[in-house]
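The analysis underlying the following values was restricted to heavy atoms, covering all of them including side chains, and did not include hydrogens, waters or symmetry mates. First listed ligand is number 1; within each ligand, the first listed atom is number 1. For this chain, numbers begin at 1 and follow the sequence in order.
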Amino acid sequence: MPEPARVQRGLEEVVALESRICFIDGKLGRLIYRGYDIRDLAAKATFEEVAYLLWYGRLPNARELTELRGRLGELRTLPDPLSRMIDTLPADAAPMDVLRTSVSALALYEPAETKAGATAIAGAERLTACLPTILGTFHRRRKGLPRLRARPELSPAAYLLYALLDREASELEERALDVALILHADHELNASTFAARVTASTLSDLYSSVTSAIGALKGPLHGGANERAIELAELIGTPDRAEAIVKEKLARHERIMGFGHRVYKVEDPRATILREWSRKIGEAKGDLHYYEVLERVKEVVQREKGLYPNLDLYSGSVYTPIGIPHDLFTPIFAVSRVSGWTAHILEEYEDLRLIRPTAQYIGPTDLSWVPLGDRT
Ligand code: ACO
């Protein structure tokens, strides 16, 4: 047996590749997309501008942005057989499973891109345009709402709100969702992006790579944490109950969803921005109770465990007062993150190296074969 190697469990702090897309300074709490600070992007950009930035490496000019908006509007319509397939899925299916299955099925109607370039960016745009339609088609059917129209004049955020709520969004609601989409768009080599890049590194296609990513995002230690965080806020109910309930959970060694991060050692800057939107939306709706409960939870977890909030703590407190059901929070994360996944897949195709680490084998190596009849 070779000498035991040092195993870096969870690949913590392992630098696996070079990238020009996203930089996180976990000590200073900074997040940068292609050179731009997330705080500037959340204050000044739209989700379409950010998607363009991630794919092309620079901000679009006015003409390029108008053209991208036009394309994202046109590309929204699903192939007819895919819409019909979504109609046959169980109405009680988890929307994340519907998204994963539908992206995989969409691949059957699209070119299977396995190299960087214009057609691969077209695939990235197609996926980014279609994810809200997939969610909207499924959600409207399970709620018995009228069929979804393409509405190409709407921004991705306004279209998603129309698709899910069957009403026009207010300006504030549209901007709140747009900011949430910007904040979720990319985050370096998080688990789902790594899954996408591992799949792309085998020279598999864009759709297979995004399907892998959706599977990884679903888990409660990653994107699934946002649904659990709002469930906790609802269980707590009022701020005065937060201290006792959180302490009980910590005493049982339970994880408090929406806290802690592998990279950030201070507050996640996305959480800081989304907390402010949680307050703004709460004020506009005349109901600040989610905001206030989460403020108390934050104080207790910080004091008791020294852990800071991450993005997933607050997304539900922005979405719920708007009327978005809990099981759509993680799928909305995917609606945004698909822009980052596809940017990373394109980068992987440009500088391809099969991702294939090794394992430290700790099992036996010298067992003797036992015939079937002699086994107990
Ligand atoms: N609640 C309670 N304790 C926690 C939490 C938490 N949310 N997060 C970490 N800890 C504790 C662990 O129990 C562990 O304690 P111990 O040393 O006494 O055993 C210690 O902090 C270190 O935890 P690790 O799991 O080793 O830290 P890691 O870097 O692997 O974890 C993770 C990062 C998975 C995000 C973790 O903080 C967690 O489970 N958080 C809750 C889930 C969550 O919010 N996920 C969203 C992440 S952000 C995103 O995907 C957008």
Is the gap between the ring centers of Phe23 and His187 under 6.0 Å?
-> no
**Message:** Any donor-acceptor pair under 3.5 Å linking the side-chain atoms of Tyr56 with those of Glu64?
**Reply:** no
Between Glu49 and Leu59, the two heavy atoms sitting closest are O-CD2, 4.5 Å
Run the side-chain donor-acceptor check on residues 295-302: report pairs under 3.5 Å with partners two or more places apart or on a different chain.
unit_1, atom_1, unit_2, atom_2, d
Arg296, NH1, Glu299, OE1, 2.5
Arg296, NH2, Glu243, OE1, 3.0

Mind listing the N or O contacts between ligand 1 and protein, cut-off under 3.5 Å?
unit_1, atom_1, unit_2, atom_2, d
ligand 1, 1 (N), Ile256, N, 2.9
ligand 1, 7 (N), Ile256, O, 2.7
ligand 1, 7 (N), Phe259, O, 2.9
ligand 1, 25 (O), Arg255, NH1, 2.9
ligand 1, 25 (O), Arg255, NH2, 2.9
ligand 1, 29 (O), Arg262, NE, 2.9
ligand 1, 30 (O), Arg262, NE, 3.2
ligand 1, 30 (O), Arg262, NH2, 3.0
ligand 1, 37 (O), Phe259, O, 3.4
ligand 1, 39 (O), Arg255, NH1, 2.7
ligand 1, 40 (N), Phe259, O, 2.9
ligand 1, 44 (O), Gly258, N, 2.8
ligand 1, 44 (O), Asn310, ND2, 2.9
ligand 1, 45 (N), Leu221, O, 3.1
ligand 1, 50 (O), His222, ND1, 3.0

Heavy-atom closest pair (Glu48 atom, Asp178 atom, distance to 0.1 Å) is OE1-OD1, 4.3 Å
**Request:** Step through the shown structure and confirm whether more than 12 heavy atoms of other residues, nucleotides or ligands are within 6.0 Å of CD on Glu171.
**Result:** no
